[in-house]
Structure formats: structure tokens, C-alpha cells
Amino acid sequence: MRTVNKLSIALTAVLLSIMTGCEKSDSYMEGDDIVPSGYLVDIYESEYFANSEELVDYIDSLMALVLGNELANIFGLKIETELARVEFRNYLDVGINPDYSSKLAFELHRFRYRTVNPSGNPIILSGTLVMPNNTDDSRKYEMDHVSLFNEAMFVGKDIMPFRGVAGYFRVMYNSLVVVPDLQGYGITATLPKVDFAYINGCQSIDCEMAALEVVRLRGASLKKGYGTYLMGVSKGAFTTLSAHKYLETEAPAEKLKAVNPIGSVCSGAPSDISAMLDYYLNIGETNNIVALSIVVNSLYYASPDFFAGYKLEDLFSDKYNKSEYALKTYGCTLNELICSMELSYDELLDVCRKSGITSMADIFNSAMFNGDGSVNTSDKLYQTIKKAAECNNPMTGWTPSYCKCIIKHSIGDDVIPYQMAFDSYRKMSLYGRTVPNEKVIFKEGYLMGHILNSMKDELLLFMTKDPLSDCRDENPESF
């Protein structure tokens with residue numbers, strides 16, 4: 001049975017707090033590799049699974065809560081789960097390490113790690129890792145690679161607690177699975193959520209650095225020459241590309257060496273939020289009010305220097321800030337309700353309609369719009385939001401050189417227009433070049449909406465041994 005030894009966790013937490021204090025050495029040796037330490041604070045919760053069946057049952061139960069029976073039927077989740085069981089069984093019986101066979105156990109750890117917030121100040125965030133474990137301490141288990149999975153944006157209080165659980169399936173490929181919590185999630189759930197910020201890339205990588213310390217402390221290891229798959233869907237694609245850009249353009253050499261990215265897979269296009277902002281402000285529709293409101297809130301907290309002198313409510317209209325329906329029904333402002341993510345997307349749209357929100361001009365500060373409803377590009381607040389969007393854009397100012405980056409986007413995406421995604425990819429591929437960068441690959445998705453396609457791609461990421469293999473060998477001819 002699954003057990004959580006709270007005493008051992010408490011002792012481990014004390015030990016790790018001592019070991020990761022400021023006075024410790026800067027790094028530890030693992031073979032010929034140097035992995036910096038100091039990112040891990042402690043492990044605060046652990047769960048153990050005696051075999052693959054227990055782990056699959058655990059993921060099944062959480063996924064059922066996340067998707068519900070109806071969505072499970074739509075996506076054929078039961079079929080996918082059975083495929084996962086087959087893969088697990090094949091892995092255990094034939095597998096990479098036959099010596100461990102059906103005796104192979106798994107362990108899950110939730111930990112706290114050190115990183116920096118958008119102002120560059122220290123902050124402690126949380127993350128989760130899942131890895132194979134053998135209870136025989138005389139043999140040290142080696143994993144092949146790391147799967148760093150950055151999560152999509154979930155809306156709805158019933159879904160929030162189970163973010164990222166499907167990613168645990170990747171442990172079947174002898175992978176260390178790492179799922180970061182960013183600001184506003186996990187142990188910092190009471191802080192403002194910063195879902196679309198370039199700093200998320202640094203935080204994601206710091207989470208992996210801490211996870212590598214957990215691996216060492218647990219007596220496990222990664223094979224010499226291991227690498228990391230960076231992956232994410234929707235908002236997670238934004239974080240993944242931010243992490244890739246950070247590693248190649250800003251990260252210290254020791255981080256790049258420790259993570260050793262194999263490549264990144266960004267599905268549901270990591271959007272150019274500056275272009276997306278203009279697109280939605282100009283078309284005036286409110287179908288994506290939830291996403292755009294969260295983006296603008298994120299930019300406010302991601303770029304405090306840009307918004308010096310502004311209060312958050314200054315970005316929005318009085319109608320939006322003072323929705324009587326939201327205040328009377330939920331006891332909070334409409335913006336607070338949206339950012340809490342406790343209601344489903346459809347429920348939030350219904351609240352907006354009942355609050356009289358029918359256009360983008362009903363949402364944002366009226367100074368951002370001309371009399372005819374078009375965007376007032378000379379407005380100071382609009383220019384400030386644009387600067388913040390451009391500063392936090394992971395798709396500009398670089399092109400990959402260290403490893404491959406795959407961008408996948410659905411032709412029928414109803415949140416981020418396909419052409420916008422393709423244009424952003426093209427700019428990134430041509431940055432500083434006269435010919436397209438072969439390390440940037442654009443893959444067209446299916447004729448599905450954003451949510452359906454993102455969930456489909458998320459399952460594919462979990463069920464594909466090499467997530468980089470599901471891509472085109474060449475850039476589109478339409479380039």
C-alpha cells in the first residue's frame with residue numbers, strides 16, 4: 001500500500017534545511033558532473049508506491065477528478081490509461097533495467113525550492129517530482145533523463161489541486177519527472193498568480209535544480225550524459241519556451257550543464273502576448289476575457305518597475321472593477337473572481353455577461369480606447385502594458401542554438417489565432433539570420449479548439465517516449 005511516513009518526512013526536512021543552508025559548499029560531485037546545490041529547501045510531503053499498478057491507480061483517480069466521466073469518454077481516457085498500463089508492464093517486464101522488473105517501486109516528493117521573484121528578490125516556491133525507486137539500498141537506481149513539465153492554466157476549483165498529475169506517467173520511460181509550482185500556486189497560493197512572465201522560465205529551471213538535489217539525497221542518480229526534455233502545453237508552453245530562452249541566453253553555465261536540455265516541446269503555441277493583446281483589444285470581443293484579464297494581471301505583477309505609480313485597478317474600467325453582481329454574489333470584485341480561478345471558464349463568462357461586460361472597452365481603462373472603440377495607441381497606460389508584454393515575451397530577441405525547439409499549434413485554435421502563432425515562430429526562426437533556423441520547428445495541429453487540442457497534446461507528451469520525435473523534419477514549405 002501507499003504510505004506516507006510523516007516522521008521520516010519531518011526528519012528529512014530538518015536534515016535538508018541544515019544541508020541546504022547558506023554555509024554549505026557550492027556544489028557536489030556526481031561522477032564527473034558538477035551539480036550546484038543550494039536550491040532545495042526541504043521535502044515537505046512524500047508518497048510511496050510499491051509497484052506500477054499502485055501508481056497508475058493513483059493517477060487514474062486524480063485524472064477522473066480532473067476530467068470527469070464525460071470528458072474521459074470524449075478523450076478516450078480509459079483507452080489511454082490502458083495503453084499506459086501496457087507501457088508500464090512492458091517497461092517493467094522487458095524494460096530498460098530488467099533486474100528491477102516488477103519489484104520496481106515509485107516515489108513522489110513535494111519540495112520547496114529557492115528562486116527569485118519578478119523583482120529579483122528571493123522567494124521560496126514548491127514543486128513535485130516522481131521517480132522510480134528500488135527499496136534495496138545496496139543498488140542505486142539510475143534514470144535516463146529528466147522530464148521538466150510546465151503546466152497549463154487550469155480554471156475551476158475542482159481541477160486546481162490536481163494540476164500536472166498526468167505528467168507522472170512519464171516515469172514509465174525511466175525518467176525523473178519534475179513539475180514546478182510557480183508563484184500563486186502550491187505553497188504560495190495566497191500570492192498573486194504570475195502566469196505569463198519571462199521569470200517563470202528561471203523559476204522552472206531552479207525547480208529542476210532542486211529536484212536534482214532530491215535525487216542525490218534519496219540515493220538515486222541519473223545516467224552520465226543525461227539530458228532534460230522541456231515540455232508544456234498552453235500556458236505551460238509559454239513557461240517552457242521562457243525556460244529554453246533563459247537557459248540559452250542568460251543562465252549561468254553551471255545551470256545549462258546540469259539541466260543539459262535535449263530540446264523543448266511547446267504545444268498550444270507559446271503566444272506572443274504583445275500581439276495577442278493588440279489582437280483582442282482591436283476585435284473588441286469578450287470571448288477571451290478570462291485569458292486576457294489573467295495575462296494583464298500577470299504583466300502587472302511581472303513588471304513592477306513599468307507599473308510604478310499605477311494601482312492594479314487603474315488598468316481596468318469602473319464597470320469591471322465595481323461589478324455589483326460579482327460583489328453581491330461572490331463577495332469580491334470581478335477581477336479577483338477571475339484571478340482566483342475558482343469558477344469554470346463558462347461560469348466566469350456568465351458572470352461577465354451579468355455584469356454588463358460586452359466589449360473590451362467595458363473591461364479596460366477607457367483612456368486606452370478612442371471614441372469609435374479602436375485602441376488609442378498613444379495612451380500612456382496602453383504603452384506601458386505593451387512594454388511589459390514585450391519585455392516578458394519568450395519568442396523575441398533570440399533563436400535556439402543549443403538544442404531543438406518544437407512549436408505545435410492547432411489550425412482551429414480559438415484562443416491564439418493560427419496565423420499569429422506562425423508569424424511569431426517565423427520571427428523567432430529568422431532572428432539574426434537570413435535563412436530559417438533548422439532548430440526551430442513548427443508543427444500544425446488538428447482542427448480543434450484550444451482546450452481540446454491542448455488536452456490531446458498533453459496526453460501525447462505523456463505517452464510518447466521521445467516527445468521530440470513527434471515533429472516535422474523540416475520547416476513548413478509555406479515559410
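Sequential numbering from 1 along the given sequence is applied to the chain's residues.
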Locate the shortest heavy-atom distance separating [X] from [Y]; write the atom from each residue and the value.
| X | Y | answer |
| --- | --- | --- |
| Pro400 | Met428 | CD-CE, 4.5 Å |
| Asp181 | Gly186 | OD2-CA, 3.6 Å |
| His244 | Ser264 | ND1-OG, 2.7 Å |
| Thr188 | Leu182 | OG1-O, 3.7 Å |
| Leu148 | Ser204 | CD2-OG, 3.4 Å |
| Tyr113 | Ser126 | CE2-O, 3.3 Å |

Between [atom1] on residue [X] and [atom2] on residue [Y], distance to nearest 0.5 Å:
| X | Y | atom1 | atom2 | answer |
| --- | --- | --- | --- | --- |
| Ile385 | Leu315 | CD1 | CG | 4.5 Å |
| Leu230 | Ile205 | CG | CD1 | 5.5 Å |
| Ile294 | Asn335 | CD1 | CG | 9.5 Å |

Going by heavy atoms in the side chains, are [X] and [Y] under 4.5 Å from each other?
| X | Y | value |
| --- | --- | --- |
| Pro192 | Asn297 | no |
| Trp398 | Glu250 | no |
| Glu313 | Thr333 | no |
| Tyr402 | Leu247 | no |
| Asn174 | Glu142 | no |
| Gln203 | Ser242 | no |
| Ile357 | Lys319 | yes |
| Asn200 | Asn392 | no |

Return yes if a side-chain donor-acceptor contact under 3.5 Å exists between [X] and [Y], otherwise no.
| X | Y | result |
| --- | --- | --- |
| Tyr320 | Asn365 | no |
| Ser401 | Glu248 | yes |
| Thr115 | Asp206 | yes |
| Tyr226 | Asn260 | no |
| Asp272 | Ser274 | no |

Backbone N or O of [Y] within a donor-acceptor pair of the [X] side chain at under 3.5 Å?
| X | Y | answer |
| --- | --- | --- |
| Lys245 | Thr396 | yes |
| Ser429 | Asn437 | yes |
| Gln383 | Thr377 | yes |
| Ser323 | Ala326 | yes |

Could you check whether Glu47 pairs with Arg110 (Lys NZ or Arg NE/NH1/NH2 to Asp/Glu carboxylate O, under 4.0 Å)? yes
Do the charged groups of Asp423 and Arg426 touch, with an N to O distance under 4.0 Å?
-> yes
For the residue pair Tyr229 and His145, is the inter-centroid distance of their aromatic rings smaller than 6.0 Å? yes
Q: Is it possible for you to check whether Lys235 lies under 6.0 Å from the centre of the six-membered ring of Phe196, through NZ or CZ, and within 45° of that ring's axis?
A: no
